[in-house]
Each structure stands twice: as structure tokens, then as C-alpha cells.
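These notes concern the structure reproduced below.
By convention in this document, chain letters (A, B, ...) are assigned in the order of the sequence lines, proteins followed by strands, and residues within each chain are numbered from 1.
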There are 2 protein chains.
Amino acid sequence: MKKAGTKVSVAVIRRLPRYYRKLSELRQRGVVRISSGALAKDMGLTASQIRQDLFCFGGFGQQGYGYNVEKLREEIGDILGINRGNTAVILGVGNLGHALMQNFKFGNNGFSVTAAFDVDDSLVGTKIGSVQVYHVDELEEYLQTYRVDVGVLTVPRAFAAEMAQKLADGGVKGIWNFANVELKLDKPDVIVENVHFSDSLLALSYMIGEPIYEEERENENE
Amino acid sequence: MKKAGTKVSVAVIRRLPRYYRKLSELRQRGVVRISSGALAKDMGLTASQIRQDLFCFGGFGQQGYGYNVEKLREEIGDILGINRGNTAVILGVGNLGHALMQNFKFGNNGFSVTAAFDVDDSLVGTKIGSVQVYHVDELEEYLQTYRVDVGVLTVPRAFAAEMAQKLADGGVKGIWNFANVELKLDKPDVIVENVHFSDSLLALSYMIGEPIYEEERENENE
DNA sequence: CTGTTTTTGTGAAAAAACTAACAATTAAAA
DNA sequence: TTTTAATTGTTAGTTTTTTCACAAAAACAG
């Protein structure tokens, strides 16, 4: 659909999951079709932007009709790689790793978690849900044996760099990094996606202290 | 420092916490001064961008010298509101809320957590660390009694909207939203900061499937 | 003390992102 | 069936963001 070699901007890519989420919600509510205008209003964007974004990947709509919710959702899901059968392993079954394994719906996002790793011997050998916990020492061999697309890094920050390197050496394509450090890898083909809680909270901290942000919001709602 | 009424772009604000984090790290390593060029190289940005970003708030550097790490860190911290004595309450002491309370360093980001709320009677009355857990029914009164700047929303998605409304009605300035829903509030002066795990994972999913992103990364590292 | 190098602050240029506009097409109404 | 209204794909224009370029200031070397 998209011209080969064409680069889609990061800004667009960051909006795709939001579209997917909104379309999933619409589908669940039984909505069959939606126009870019209605979607825009619902999401606080402009209709133009939505059409432009989708245009990057080819037209999924129909003039005079709009977009079929089910079909558009499928298309965006495909673009995002939801049907690619991605696999992930969890590094660090502490509080956060545990919470992710128990609460986060990896399956809804096209990932299956195939293993977890920790150094704590009281965890090794147990199962979280249906996922086996291995000792970190077994990581290397595991990565050589099974295809793992993404490593989820939920270890304490002190161990993050070392674990990230092991994941990269083991051939993962991406690292979902929850450790509060900027990872530097020698493998440039490994994508690092950071989830920095503190960055998020500090941005919020700034915004609640700046009256100008309130004004902006008011205009937005017209 | 910044001209009153001037709006700083969101892109800049999102970089400030990264600067703060990097400067904290440099300070800890005993680095006293740094140039925009060195900082840029370390962070994968351009020197120009860093100077431009800081220029939004006034000049913190010195020509021919660079930036004093300690001083710049302080300044950015002030801009972000780290010394404003912000308070936060946790809504939902499930897996994630618990993990945040135990692992996340609110203090490092200028926040003190003053209370937590849940519906589970087996949790109500207990303490997580030094933080008391109250029943959600007591939220309204609590918000009327104490100043709460931010509500941390870690409830199941089904309850997110309702709880968000209570927080907004109670007068919080911001909501740190971990529930996987787009919140719609009738109070436009309440800032919502979303932490959407699934959006993040799906963006990563897209990028590991697109060879073009690898190329981009390679150029970045020159 | 003088000259050279470093480095910022800042305006201008370039690039990227977003919005507007509209012909082409479809759906719905008359 | 014909007309009217709705809506997309797509190009062009506008705005925002990023990068470039360089004078001014400071540090450093000799």
C-alpha cells in the first residue's frame, strides 16, 4: 500500500495506535462507518490531519461515505504489525514486570509473552499466569533457541544497560524500556522504545504550573 | 525568565525532562560544565536544538564556557516545577498502583504522595510504605480538605472516567492517566497526561517491522 | 597582554508538520 | 432518475519546528 522505501513520519506513527484504539471502541459500540470529520471531532484532531495520515498508507475510505470502521481498524492493525505474531520476553519480574504480566493485554496488541527472566531464585521456576519464569543466566540460550521480537526491560536501572546488551546480542528487534535510563546500544538496528514515567510526570508538572495551557485547552473545545 | 504569555511548544517541554535527567546523571558523575555540542552528542540531538530550547527560557550558559551542569539542572528543575511542593494521590492500589507507590521515585520529581484510595476493603486502612490507603468514598472529602495537585489514575479502565470526574470536581490541576482510555472532562483547565502502554508497544511493533527505521538509526549515530 | 579557540545567544533559512481547499465520487433525497 | 449533500484523496498553502550561520563574549594558550 505504502510506497516502498517511503518514510512515514514519527508523528504519524504515534497517532496510529490512537486511531486503532478509537476504532476498536467504535466497533465495540456497533458503529459501522465513520467520517474523518466525526472521528476528528471525537479525538480532538482535524479531519484534514486524519485523512492526510491515512493517505500515507493509501486510501481506505470511500468518497461520500467515509470509512468502514471494521475495515479501517483491520488495515491499521496490519500496518502496526498486530497480525505478525510478535513474541516478547519479560526481563525482571519485580513489581512492575509482575504488574505488566498480570494486567497488560499483550495479546490485544499482537504480542505473546513466551517467557520471563529474573535473578531471584524464589521466582525462578514459578509461573506468572501461564508464563514460566527462568533465571537470567538462561536468557542467552533461550534467545538462541526461540525467536524473540521484543524484550521488555523492567529491571532496576543499574542492570538495564547490561540486560539490554544481552537482548540485543541475542537478536531481538526491539526493546521496550521501562528502566529510567537512556540505553546506548552498539547495534543500531535494535529499536528502543522508552517508557519514561518521570518524563511524563515532569511534563505534567510543567503544564499544571503554566496558566497558558489552560487557555489553549479552552479554545480546543470549541 | 520567559516572557509572560509566551507559549513554549510541547516539543520543547517534552525534551526538558530528558535534559534534566541527563544533567542529573552528569552531576552525579562529577561533571561541572558541559557545552551544547557535547550534550547534543551524548543525547542524539543537535547542539542548535539544545541552545534553541534553552533560549525559550532565557540564557543559562556562558559564551566560550558552556553550561554549568549544577546550575542548568537547577534552572530546568525550577521550570518543570520540581520545587513547587506538588502533591499527588493514587487512585487504585492494584498491581500497577502498588508498583508505582513502591518503585517510582515521586520525590525525585518534586511530588509527595499524600494518600491512596481503593474500593477493596482488605486494602483500606493499610499503609503502602508510609502512605495511608483510604476507601474511594472518602476521596471527595479528602480533596476538599487537602490541596491535591495531581491524581494518579491506576484504576481498571471501566472506572477511569468516573474517578477522573471526581478528581476534576475535587479541584486537582492534573490527572496522570494510566487507564487505557481517552478521558473527556468538562473541566478544560484540568490537564490530562496519558501513559498509554499499548500505544507505546504498538509504535514499537510498527518500527521493528519497518526496515527503514534501522537505516535512520545508523545515520543518527555518526 | 595579545591572539586564538571555544561557545553561546539569536536571527534567518530550511525542513517538517499541519491545515485548507477543491475536484472527483458516492450516497441519499426528491 | 435527477438533484443535492456528504465525503474522500490529494495538491497547495500556512504554520511550526528544526537547523544553519555568525557576531559577541569568554576562556585559554603563548
Next item on the list: Could you go through the side-chain contact (heavy atoms from CB on, under 4.5 Å) check for B:D199 and A:R18 one step at a time?
Entry: CA-CA 7 Å; B:D199 288 15; A:R18 281 191 66 199; 3.5 Å; yes

Next item on the list: Respond yes when some side-chain nitrogen or oxygen of A:R33 is under 4.0 Å from OP1 or OP2 of D:dA6, and no when none is.
Entry: no

Notebook entry, point to check: Touch check for A:T46, heavy atoms < 4.0 angstrom, all strands: base, sugar-phosphate only, or nothing?
Noted result: sugar-phosphate

Please tabulate, for side-chain N and O atoms in residues 159-175 of chain B, each donor-acceptor pair with protein atoms closer than 3.5 Å (sequence neighbours left out).
{"residue": "B:Q165", "atom": "NE2", "partner": "B:D169", "partner atom": "OD1", "Å": "3.1"}
{"residue": "B:Q165", "atom": "NE2", "partner": "B:D186", "partner atom": "OD1", "Å": "3.1"}
{"residue": "B:D169", "atom": "OD1", "partner": "B:K187", "partner atom": "NZ", "Å": "3.3"}
{"residue": "B:K173", "atom": "NZ", "partner": "B:D149", "partner atom": "OD1", "Å": "2.6"}

Note to self: So, under a plain 3.5 Å distance rule, would you say the side chain of A:S48 forms a donor-acceptor pair with the base of C:dA20?
What the structure shows: yes

Note to self: Using the side-chain heavy atoms of B:R51, tell me which of these nucleotides is nearest: D:dC20, D:dC22, D:dA27.
What the structure shows: D:dC22

Note to self: Taking A:G92's backbone N and O only, do any of them form a donor-acceptor pair with A:T154's side chain (distance below 3.5 Å, no angle check)?
What the structure shows: yes

Next item on the list: Establish, yes or no, whether a centroid distance under 6.0 Å links the rings of A:F178 and B:F197.
Entry: yes

Next item on the list: Ignoring the backbone of B:A11, work out which of C:dA20, D:dT17, C:dT8 is nearest its side chain.
Entry: D:dT17

Margin query: Can you identify which nucleotide, out of C:dA20, D:dT18, C:dG9, has its nearest atom closest to the B:F55 side chain?
Written below: C:dG9

Item checked: Residue A:Q62, side-chain heavy atoms: nucleotide from D:dA27, D:dG9, C:dA27 that is nearest -> C:dA27

Margin query: Heavy atoms only, 4.0 Å cut-off, all strands: where does B:S35 land among base, sugar-phosphate and nothing?
Written below: sugar-phosphate

